[in-house]
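Step one of this worksheet: look at the structure below.
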Amino acid sequence: AARSVAVAGTLAYVADGDAGLQIVDLRQPASPVLMGAFDTPGYAGGVAVAGSLAYVADGRAGLQIIDVREPSEPVQVGVFDTGGDARDVVVSGGLAYVANRDGGLVIVDVGQPAQPVRRGGIDTAGEALGVAITGFRVVLSCYQGGLQVMDVADPANPVWLGGADTPGLAMDVKVAGDYAYVADDNIG
């Protein structure tokens, strides 16, 4: 049940639902090879990679931090209980930004991966399912709450900047340049 993928170099890191994290070698795109896996305790719904670490939004099991220096033998190095249902994650500047479903946005300092610490958070209109970042702006897809934009210049005190309703259910979001692209499930 692959839910999300992050690519770094020739490796794909797949958040694979109940199966956890899967690491796939893409050097031969026509014949990808499973390099390694880490069965997380929850439901892996989102993944981000920064350096030698993979960050997995793992449902009720929170944020899982996994050392992937050796792709064939990934090792868990840290865990952070988000107090909710971690659905997606992006990492920037030593901080993990977690879309935490009913818990909104949770900001976690991952500078010391073995000891992650909550830096801040903010509730959202609707269930936070997807997250993207551009500069000091975090953009969230919030199911019935549409698109929500937060200023995170001060991670301890994020500020809601605005939002936009979408015609259906905002499931995921990506940002490129000045645009946010929303995967919107039209229920009509």
Side-chain angles (χ1 to χ4, degrees), residues 1-8 12-22 40 42-50 53-66 80-93 95-108 110 116 118-152 155 158-188:
R3 308 301 297 171
S4 178
V5 64
V7 176
Y13 301 85
V14 181
D16 198 16
D18 288 327
L21 177 68
Q22 307 289 318
T40 59
Y43 188 86
V47 61
V49 176
L53 297 172
Y55 300 85
V56 179
D58 203 34
R60 300 259 177 230
L63 179 66
Q64 305 291 316
I65 304 170
I66 302 168
F80 181 80
D81 182 357
T82 60
D85 185 1
R87 299 298 293 263
D88 197 12
V89 59
V90 294
V91 177
S92 178
L95 298 172
Y97 299 87
V98 180
N100 200 38
R101 199 166 179 177
D102 291 332
L105 172 67
V106 175
I107 303 170
V108 182
V110 292
R118 182 183 174 101
R119 285 286 298 274
I122 189 168
D123 286 334
T124 55
E127 300 173 24
L129 300 180
V131 61
I133 189 165
T134 179
F136 291 113
R137 304 284 189 266
V138 167
V139 182
L140 296 148
S141 55
C142 295
Y143 203 57
Q144 293 175 326
L147 188 70
Q148 304 289 311
V149 181
M150 310 295 173
D151 183 322
V152 294
V159 176
W160 182 80
L161 294 176
D165 193 12
T166 58
L169 304 173
M171 304 297 287
D172 199 7
V173 62
K174 299 297 181 214
V175 173
D178 292 336
Y179 294 94
Y181 298 90
V182 181
D184 199 50
D185 185 10
N186 190 338
I187 59 173

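Only this structure's heavy atoms are used, side chains among them; waters, hydrogens and symmetry mates stay out.
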Review point. Partners of R119 by salt bridge (charged side-chain N to carboxylate O under 4.0 Å, His left out), sequence neighbours excluded?
Key: D109
Point to revise | CZ (R3) with more than 12 external heavy atoms under 6.0 Å | key: no
Exercise for review: Determine whether more than 12 heavy atoms belonging to other residues, nucleotides or ligands lie under 6.0 Å from atom OH of Y43.
Suggested key: yes
Revision key, fill the gap. In this structure, CG of D172 is separated from OH of Y143 (nearest 0.5 Å) by 14.0 Å
Check your understanding: What pairs with D165 under side-chain hydrogen bond (donor to acceptor under 3.5 Å, both in side chains), at least two apart in sequence or on another chain?
Key -> none
Exercise for review: Sequence neighbours left out, what passes side-chain hydrogen bond (donor to acceptor under 3.5 Å, both in side chains) with T124? Give chain and number order.
Suggested key: none
Check your understanding: With sequence neighbours left out, what residues match D16 under side-chain hydrogen bond (donor to acceptor under 3.5 Å, both in side chains)?
Key -> none
Review point. Rounded to the nearest 0.5 Å, how far does CD of Q64 lie from OG1 of T40?
Key: 6.0 Å
Review point. Can you list the residues that meet the side-chain hydrogen bond (donor to acceptor under 3.5 Å, both in side chains) rule with S4, with sequence neighbours excluded?
Key: none
**Study point:** With A12 via side-chain contact (heavy atoms from CB on, under 4.5 Å) - residues at least two apart
**Key:** V5, V7, V24, L26
**Study point:** Those residues that, when tested against V173, pass side-chain contact (heavy atoms from CB on, under 4.5 Å) (two or more places apart)
**Key:** A132, V139, S141, L147, A180, V182
Exercise for review: Any pair with a residue in residues 125-140 that passes side-chain hydrogen bond (donor to acceptor under 3.5 Å, both in side chains), sequence neighbours left out, goes on the list, sorted by first then second residue, please.
Suggested key: R101-E127, R137-D151
**Study point:** F136, CZ: over 12 other non-hydrogen atoms inside 6.0 angstrom
**Key:** no
Review point. Residues two or more places apart in sequence or in another chain: which of them pass side-chain contact (heavy atoms from CB on, under 4.5 Å) with A48?
Key: V89, V91
Point to revise | salt bridge (charged side-chain N to carboxylate O under 4.0 Å, His left out) partners of D18, counting only residues at least two apart | key: none
